[in-house]
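Small disclaimer: the values here were computed from a predicted structure and weren't measured. Just follow the structure's listing: the first ligand is 1, and inside any ligand the first atom is 1.
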Amino acid sequence: MQEALFITLEGVEGAGKSSLMDYISELFTRAGLAVIQTREPGGTKTGEQIREILLDSNNIGLENNTELLLMFAARMQHLEEVIKPALASGQIVICDRFTDASYAYQGGGRGIEESRIQILEDWVQEGLKPDLTLLFDLDVEIGLRRAGKRSQADRFEQEDILFFERIRSCYLERANKEPTRFRIIDSGESLENVKQQIQKVLQEHL
Ligand code: TMP
């Protein structure tokens, strides 16, 4: 049986992680490995319903702690229904955002204390963590411009630039604290260069 691997993709808006997901999957499938692609918030029927609440820009009064709890409610369902079974059967799980996003957005961005997030992480994940996290790092202004061209702004994308600067700093801080799990991808480079960076990072698993 192939070795299960839990890979998460993180970064500020517009850093390109979602569009590079197919490329990353392809590298593994070409090597003959079974891969599933999923995302957070979402990844299950219930999780996608929770995602709609979280991203709906009409939900103006949503409390920061409600937002955090909804992220972890969706995550609990996702872990039980999708992630854990896939890992148990030896598959490679590639997840577009995971708990580092809660630390970066709800912690760094919204200002919720890290210790609260830690309690939820311990409860919901019971020690399960990604094996590898690719942090797609990019200048916030460039990222927001790219994201803005793609679609109408969701509830998060309507925040100001300082919110996203705090998120970027928090991600980079986390990456520096856990250099074995995190790999930083410079998303400011050309697409070809970004793909090369990804390939280099994944080489040992292919
Ligand atoms: P996406 O745009 O990458 O699909 O993610 C949806 C939004 O959800 C994005 O703005 C980041 C946010 N998010 C959090 O705030 N906390 C989390 O824990 C996760 C997984 C996502």
* Asked: Should Leu68 and Arg110 be marked as a side chain to side chain contact (heavy atoms under 4.5 Å, CB included) after you check the CA-CA gap, both sets of side-chain angles, and the distance that decides it?
  -> CA-CA 10 Å; Leu68 175 67; Arg110 303 284 193 215; over 6 Å; no
* Could a heavy atom of Gln106 be found less than 4.0 Å from some atom of ligand 1? -> yes
* Asked: If we ignore angles and hydrogens, is there a donor and acceptor under 3.5 Å between the side chains of Glu192 and Ser190?
  -> no
* Linked, directly or transitively: Leu132 and Tyr23 (ILVMFWY side chains, under 4.5 Å) -> yes
* Gly11 versus Arg97, closest heavy-atom pair with distance -> O-NH1, 2.9 Å
* Under 4.0 Å from any heavy atom of Tyr105, which atoms of ligand 1 are there? -> 10 (O), 11 (C), 14 (C), 15 (O)
* **Intermediate values then yes/no, side chain to side chain contact (heavy atoms under 4.5 Å, CB included), Val12 and Leu144** => CA-CA 8 Å; Val12 289; Leu144 288 176; over 6 Å; no
* Asked: Can you tell me the protein heavy atom closest to atom 14 (C) of ligand 1 and the distance?
  -> Met71 CE, 3.1 Å
* Answer yes or no for Arg155: is there a heavy-atom contact with ligand 1 below 4.0 Å? => no
* So which bit of Glu67 gets within less than 4.0 Å of ligand 1, heavy atoms only: side chain, backbone, both or neither? -> neither
* To do: Please indicate whether any nitrogen or oxygen in Arg51 is less than 3.5 Å from any nitrogen or oxygen in ligand 1.
  => yes
* Asked: Can you check whether Phe98 reaches Ile83 side chain to side chain, under 4.5 Å on heavy atoms?
  -> yes
* **Best match, Glu40, Arg97, Glu13, His78: closest heavy atom to atom 1 (P) of ligand 1** => Arg97
* Residue Leu55 vicinity, atoms of ligand 1 by number, heavy atom under 4.0 Å -> 6 (C), 7 (C)
* Structure fact -> ligand 1 atoms nearer than 4.0 angstrom to some heavy atom of Pro41 are 8 (O), 19 (C), 20 (C), 21 (C)
* Do we get Arg75 above Phe72's six-membered ring, with its NZ or CZ under 6.0 Å from the centre and within 45° of the axis? -> yes
* Asked: Is there side-chain contact between Glu121 and Ser102, with heavy atoms separated by less than 4.5 Å?
  -> no
* Name the closest protein heavy atom to atom 18 (O) of ligand 1, giving the residue it belongs to and the distance to 0.1 Å. => Ser102 OG, 2.6 Å
* Asked: Of the backbone atoms (N, CA, C, O) and the side-chain heavy atoms from C-beta on, which set of Arg39 has a member under 4.0 Å from an atom of ligand 1: side chain, backbone, both, or neither?
  -> neither
* Taking only heavy atoms of Phe156, which atoms of ligand 1 are found under 4.0 Å from at least one of them? -> 7 (C), 8 (O), 10 (O), 12 (C), 15 (O)
* Asked: Cluster question for you: counting only ILVMFWY and a side-chain heavy-atom cut-off of under 4.5 Å, with indirect links fine, are Phe6 and Leu134 together?
  -> no
* Contacting atoms of ligand 1, where contact means under 4.0 angstrom from a heavy atom of Lys17 -> 3 (O)
